[in-house]
2 protein chains.
Amino acid sequence: VIAEAAASLFSSGLLAGKRVLITAGPTREALDPVRYISNHSSGRMGYALATAAVDAGARTTLVSGPVNLPVPEHVQCHRVESALEMLEKCQQLVADCDIFIACAAVADYRPAQVQPQKIKKGDDTTTLELVKNPDIVSTVAASENGPFTVGFAAETRDVLHYARSKMQRKSLDMIIANDVSDSSIGFNSAENEVTVLWPGGEQTLARANKAAIARQIVELIANHR
Amino acid sequence: VIAEAAASLFSSGLLAGKRVLITAGPTREALDPVRYISNHSSGRMGYALATAAVDAGARTTLVSGPVNLPVPEHVQCHRVESALEMLEKCQQLVADCDIFIACAAVADYRPAQVQPQKIKKGDDTTTLELVKNPDIVSTVAASENGPFTVGFAAETRDVLHYARSKMQRKSLDMIIANDVSDSSIGFNSAENEVTVLWPGGEQTLARANKAAIARQIVELIANHR
C-alpha cells in the first residue's frame, strides 16, 4: 500500500530524480525585539509549488519565511525569518539543486540597525534608516553551474514590462509575473492568475486555485529547462 | 441542556451584567499595497481575557488586529488592521462599555505616507518617515464618564518602573506589566508571567498558561473597579 501511494505521488514523473529548491512566504526584518517590517505574502503559492514538484517526482526542499501553513508531505522545510537568513540557507542548499524557484516575497530593505531593546515612543515623527537586502534570486542565478532559476515578479502596474526586464537584468531562466494590485488573486488569496515568461516566449495561465497554477508552472519548467 | 451550558459559562458571576471591551493582537501599518510594519503579538492574551470575561458573566467585545485565532464563543469580534482603524472602532464602542482592556500591541508609529503603488527597489539605503499613532488607551482613559481602563506595558527592561509611570501618565485604573525580553513568556508564547499594578498596590501572577493568567486578571479587575 505504501509503495502504491508513493507511486501515485510520482505519477507525472516530469521532474523525476530532479532536486528542486523553493523559497516561500514573506521575510520579517526586525526593528527591535518586538517590531518588524514584513509583507502580505501567505506562502501559499510557494507551498503549492512544493506540492506540485513532489507530485512531479522531484526531491523538494522549501526555505520558508514565517507562514501559517502545514509543510506538504515529502517536503523538507527549513524555516527562516529575515532575508539574510534566507540567503544563507539558500547558499547552503543551492549546490545540491537542479531547479531553484524563488517564490518568497523577500523584503527589499531591512532596518540599518536592529535595536537590542524595545524602542521607546518619543517624538511625534521619526525616521527609520533602511539598507537594501541582498538579492537572493540573482545571487543564485549568477552562481557558476547554477540551477535553472525561476523568479517571481509581484507588481502593481506595468506587470509584464517589469517582469521581462527583471528576468533579463537578473539573468533568470524564467519569471512568473502576477498583478498584486488585484486583491482577489496573489498575496494572501486562494487563487492566482499569472503570466510565465521565458527568454523566447510567454504563456498566461488563466485564473485558478494555486494548486492548479502550480502544476502548470511545474510543467512549463519541466518543458523549458 | 443549552441553559445549563450557558449557566456554567457564567458561573463565577464576578462581572455579571458588565460590558467589557478588549483590544487584542498587533496592528499593521501599511507602507504600500504589500508591505507593512507590525509586531510579534499573537493576540493570545487578549483572546484569553475575552474568554475569561465571558466566563465571569460579562458581555464581551473584541477589537482585534490580524491574528490566527478562533473567536471565543459568546464574544463579538470586530477585525481591524491599523491603529487608526482600531481607535475608530474603539471610539464607536466605548460609550457602551464598563471596562476597557487595551491588550493590543498597537504600533507606536505608522509610515507618514502610504504609497498607492508598490515601492520599487532603488538606492542602497533609504529612509522611512514615520509619524506617531494616536494613543488608544489614554484617549479612552481621558474620556468623560469613561470605563474602568486597563492597560498593558510590554517592556524589555525596568519593567515595573516603566509600567507604573505609564499608568500614572495615562490615567489608567490598572496596568499589566510583562517582560517581553524573555521569549518563553509574552509575545507569541503560550505562557505568561505578569505583574498587575493599580494606584494602591500590585500583585505578581506566577508563570502560567494565558487562560489561567487571564482568569486572575479578570478577578483583580472585578475586585478593584
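When reading the values below, keep in mind they use all heavy atoms of this one structure, side chains included, and skip hydrogens, waters and symmetry mates. So you know, we letter chains A, B, ... as the sequences are listed, proteins then strands, and number each from 1.
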Report task. May I ask you to test the A:Val80-A:Thr27 pair for a side-chain heavy-atom distance under 4.5 Å? Result -> no

Requested in this report: Would you mind checking which part of B:Asp124 comes under 4.5 Å of any heavy atom in chain A, side chain (CB onward), backbone (N, CA, C, O), both or neither?
Outcome: both

Query raised in the report: Among B:Thr125, B:Thr126, B:Thr127, which residue forms the greatest number of heavy-atom pairs with chain A at distances under 4.5 Å?
Result: B:Thr126

Report task. Could you tell me whether B:Arg207 and B:Glu193 have a side-chain N and a carboxylate O separated by less than 4.0 Å? Result -> yes

Query raised in the report: Do A:Asn133 and A:Arg110 get their side chains close enough for a donor-acceptor pair, meaning under 3.5 Å?
Result: yes

Query raised in the report: What residue, out of B:Ile37, B:Asp135, B:Asp123, B:Val131, has the most heavy-atom pairs lying under 4.5 Å from chain A?
Result: B:Asp123

**Report entry** Over 12 foreign heavy atoms within 6.0 Å of CD, B:Gln92
**Finding:** yes

Report task. Pick whichever of B:Glu129, B:Glu155, B:Lys132 has the most heavy-atom pairs under 4.5 Å with chain A. Result -> B:Lys132

